[in-house]
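In what follows, every chain begins at residue 1, and chains take the letters A, B, ... in the order their sequences are listed.
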Amino acid sequence: MSKPPANDTRMEKLVSLCKRRGIIYQSSEIYGGIGGFWDYGPLGAELKRNLRDTWWRAMTRERDDVVGLDATIIMHPAIWKASGHVDTFADMMRECTLSNKRVRADHVEPQSGSIMRFKGAKASTGWALDRELTVLMRQGEHIDSFRKRVRILVSQNAGAAAGKAEEIELLGEERLEVTEGSVDFHPETGGLLNEARPFNLMLRTYVGPTATENDIAYLRPETAQAIFAQFKNVCDSSRVKVPFGIGQIGKAFRNEVTPKNFTFRSREFEQMELEFFIKPDEAVKLIHGKVAAWSEGADLSEPQPDWGWEMWHRYWVAQRTAYYKSIGLDTDVLDYYWQSKADLAHYARACVDILFKFPFGTDELEGIAARGAFDLTQHQTHSGKQLEYFDEELKAACDAMSEEQKKSFIEETYASRTRPEITREEIEAQCAKLFKGLYIPHVIEPSAGLDRLALAILASAYDEEEVTDEKGKSETRTVLRFHPRVAPVKVGIFPLLKNKPELVAKAKEIVALLRPHMSVFYDETAAIGRRYRRQDEVGTPFGVTIDFETLGEGDGSQKDTVTLRERDSMEQRRIPIAELLPFLLGKIL
RNA sequence: GCGGGCGUAACUCAGUUGGUAGAGUGCAACCUUGCCAAGGUUGAUGUCGAGGGUUCGAAUCCCUUCGCCCGCUCCA
């Protein structure tokens with residue numbers, strides 16, 4: 001009976017609903033808006049807060065091995081040098097005028113060939129390009145295959161409007177000159193490159209009043225680095241023991257080239273990140289003699305002392321999946337993408353993306369990476385501060401080992417090294433540290449986007465249902481089927497009629513009863529049916545109606561009971577006022 | 001960043017060759033002993049995305065710009 005709208009209109013309807021009902025607005029709308037920034041309205045703010053709370057509760061409060069952190073958005077710029085963000089994004093980039101592909105200005109190989117120019121292009125579809133194209137025909141390239149290549153590039157860039165590549169006509173071909181060793185053309189496409197300009201996805205600002213080069217600071221592009229930067233302080237001040245985690249929720253900023261898909265890719269967004277620090281596999285091996293190997297069907301319910309990074313990584317994937325289920329996102333709307341070895345950044349051992357089936361496509365909600373010791377090592381090197389962790393358990397285990405055993409451990413470690421370039425000396429130094437109980441913890445990083453989660457919750461909750469009344473008239477009911485735990489408003493309270501003071505007074509009594517425990521919405525306007533539907537549209541899971549029986553009219557048997565109406569089934573039943581609070585708390589906690 | 005489409009009330013959208021700004025829904029008020037967008041009466045709401053130009057006159061034509069959507073590109 002439920003018939004969700006087709007995906008292509010679903011997103012538009014959701015965006016309309018979000019604006020109409022005060023869930024999400026465009027930022028700065030009265031000034032024409034600003035691309036890539038979105039505001040949460042009254043109901044959206046509640047929804048987001050609920051989601052934030054579920055994460056914080058599941059990841060920190062309900063665990064004894066994770067603590068929280070709330071760090072600043074602007075940090076010492078050296079942090080971003082250590083993390084690699086400054087170097088990666090401060091490059092001078094040049095863009096190909098033919099394909100719009102971007103290359104690093106200092107990475108263009110010199111090329112030779114003939115410089116060709118076209119006055120423009122047109123297609124049988126009516127599409128036309130009224131812009132000069134300058135392209136390098138490489139030495140030895142046949143003129144016809146060159147033309148074909150240009151047509152394909154033009155068609156790719158034009159998108160659907162230009163139709164098929166073979167139907168594109170290149171206009172006013174001209175051969176200009178022969179060049180040798182030119183660095184002005186894109187190495188793959190041969191298109192002319194525009195002028196080099198800096199390209200950095202980090203948003204910049206200045207700290208201090210002078211605003212000079214020396215005062216440049218960045219708005220953090222991820223929250224994770226603050227956790228690494230404060231790792232030592234947390235260790236020194238909160239009696240944590242590896243394995244343990246530090247969780248943080250906060251804003252991050254990226255100067256995205258193309259913000260799109262509503263709030264999915266925004267320039268300002270909120271992340272919920274956990275850095276979970278574990279013993280390196282070598283330390284686990286020294287303590288327990290072995291590292292538990294992961295296999296299909298392994299028991300991931302309770303962390304075990306002999307887990308290495310792989311078990312921990314799988315464990316967190318399972319934990320996060322359970323979390324999503326607890327707020328109403330089950331496996332039917334989720335998907336997983338395990339990055340292949342080739343996709344992985346050089347420091348990462350494994351990374352899995354948890355994806356959600358958005359109306360615009362299946363896309364990332366959370367990444368869970370096994371990052372090794374990369375980040376802390378970087379910060380140790382750049383800051384010059386020791387970030388090694390002293391593990392008493394490891395020290396005790398090593399102290400009990402004979403010199404022979406230690407020697408053979410070094411041999412084993414060297415033989416099983418993952419990167420061949422590591423020297424025996426490096427391995428020996430590493431092992432010497434381990435024997436003293438010292439190591440840099442490895443990291444499992446579940447990193448989720450709060451705004452993406454809010455969007456996923458909205459998208460999965462959105463439903464349209466055909467309902468037929470007694471007169472046989474059918475109508476569409478729009479309903480957000482939020483899990484009660486995350487719903488912005490938990491219960492609507494309605495006096496059946498507003499012109500009867502006794503009903504209104506009783507309804508307000510119930511509001512006062514419930515309000516300390518949950519968000520309630522009182523509504524006395526319009527017909528009762530309309531009030532129910534209004535609440536359906538914003539996902540309020542329960543409605544309570546106060547009528548004359550509540551006041552003891554009729555035979556008095558229903559005194560102090562109310563009608564409880566359930567959003568999804570639209571079913572109604574009588575419930576004593578005294579049972580209302582326990583019932584609702586049971587649903588929303 | 002490039003190409004295409006779009007921008008009119010809170011939402012969805014109409015608006016003819018340039019001639020006083022429209023509908024539906026929603027919203028607000030009142031009536032109703034009654035429970036699934038019920039019925040009735042009444043009412044409010046527009047920088048026609050913004051700026052400039054052409055014109056006696058612009059939502060409509062032209063230029064610029066901002067925003068949204070799609071494709072390409074990018075995505076630590």
request  = For B:A38, take OP1 and OP2 only and decide whether either is under 4.0 Å from a side-chain N or O of A:R530.
outcome  = yes

message = B:C27, OP1 or OP2 - any side-chain N/O from A:R534 closer than 4.0 Å?
response = yes

[N] [atom2] sits how many Å from [X] [atom1], rounded?
X	N	atom1	atom2	result
A:Y31	B:U47	OH	C1'	12 Å
A:L14	B:U12	CG	C1'	15 Å
A:I34	B:A50	CD1	P	19 Å
A:L203	B:A76	CG	P	17 Å
A:E29	B:A50	CD	P	12 Å
A:D523	B:G26	CG	P	14 Å
A:F264	B:C74	CZ	P	17 Å
A:L496	B:G34	CG	C1'	4 Å

Between [options], spot the one nearest the side chain of [X], thanks.
X	options	result
A:L497	B:C35, B:C11, B:U33	B:U33
A:T545	B:U32, B:C35, B:A37	B:C35
A:T525	B:G34, B:C31, B:A29	B:A29
A:H85	B:A28, B:C31, B:A76	B:A76
A:T563	B:A10, B:C35, B:A37	B:C35
A:K19	B:C36, B:C27, B:C11	B:C11
A:Y532	B:C68, B:C35, B:C11	B:C35
A:K260	B:C70, B:C36, B:U33	B:C70

Regarding [X], tell me which of base, sugar-phosphate or nothing describes its non-hydrogen contacts under 4.0 Å with the strands shown.
X	value
A:E537	base
A:G41	nothing
A:R254	base
A:S16	sugar-phosphate
A:I528	sugar-phosphate
A:E222	nothing
A:L564	nothing
A:E502	nothing
A:R265	base
A:R565	base
A:F494	nothing

request  = Mind telling me whether A:F358 and A:F356 have parallel, tilted or perpendicular rings, with 30° and 60° as the class edges?
outcome  = perpendicular

task = Quick one: sort the A:F146 and A:F118 rings into parallel, tilted or perpendicular, breaks at 30° and 60°.
result = parallel

message = Between A:E566 and A:K587, does any side-chain N to carboxylate O distance fall below 4.0 Å?
response = no

message = Under a 4.0 Å threshold between the charged nitrogen and the carboxylate oxygen, would A:R531 count as salt-bridged to A:D523?
response = no

ask   = When you match A:G35 and A:L17 each to their closest nucleotide on RNA chain B, which lands nearer the 5' end?
value = A:L17

Residue whose closest nucleotide on RNA chain B lies nearer the 5' end, A:K498 versus A:R533 = A:K498

Could you measure between the two [atom1] atoms, the one in [N] and the one in [M], and give it in whole Å?
N	M	atom1	value
B:C61	B:C2	P	24 Å
B:A21	B:U47	P	14 Å
B:A23	B:C62	P	29 Å
B:C6	B:U12	C1'	15 Å
B:A38	B:U33	C1'	15 Å
B:A58	B:G19	C1'	10 Å
B:U8	B:C13	C1'	9 Å
B:A59	B:G15	C1'	8 Å

inquiry  = Under 5.5 Å centre to centre and under 30° between planes: does that hold for A:F548 and the six-membered base ring of B:U33?
reply    = yes

inquiry  = For B:C69, does the base pair up with any side-chain atom of A:N261 as donor and acceptor (N or O, under 3.5 Å, distance only)?
reply    = no

query = Looking only at N and O atoms, is any donor in the side chain of A:E549 or the base of B:G34 less than 3.5 Å from an acceptor on the other one?
reply = yes

key: Cation-pi check, A:R573 onto A:F583 ring (under 6.0 Å, within 45° of axis)   = yes

key: Cation-pi check, A:R267 onto A:F253 ring (under 6.0 Å, within 45° of axis)   = no

Whom does [N] pair with, Watson-Crick or G-U wobble, provided both distances fall under 3.5 Å?
N	value
B:U32	none
B:C48	none
B:G67	B:C6
B:C27	B:G43
B:A21	none

Output yes when a side-chain donor or acceptor of [X] lies under 3.5 Å from a complementary backbone atom of [Y], and no otherwise.
X	Y	answer
A:R320	A:G367	no
A:D547	A:E549	yes
A:E273	A:A224	yes

query = Tell me, do A:R534 and A:R530 make a side-chain contact under 4.5 Å, heavy atoms counted?
reply = yes

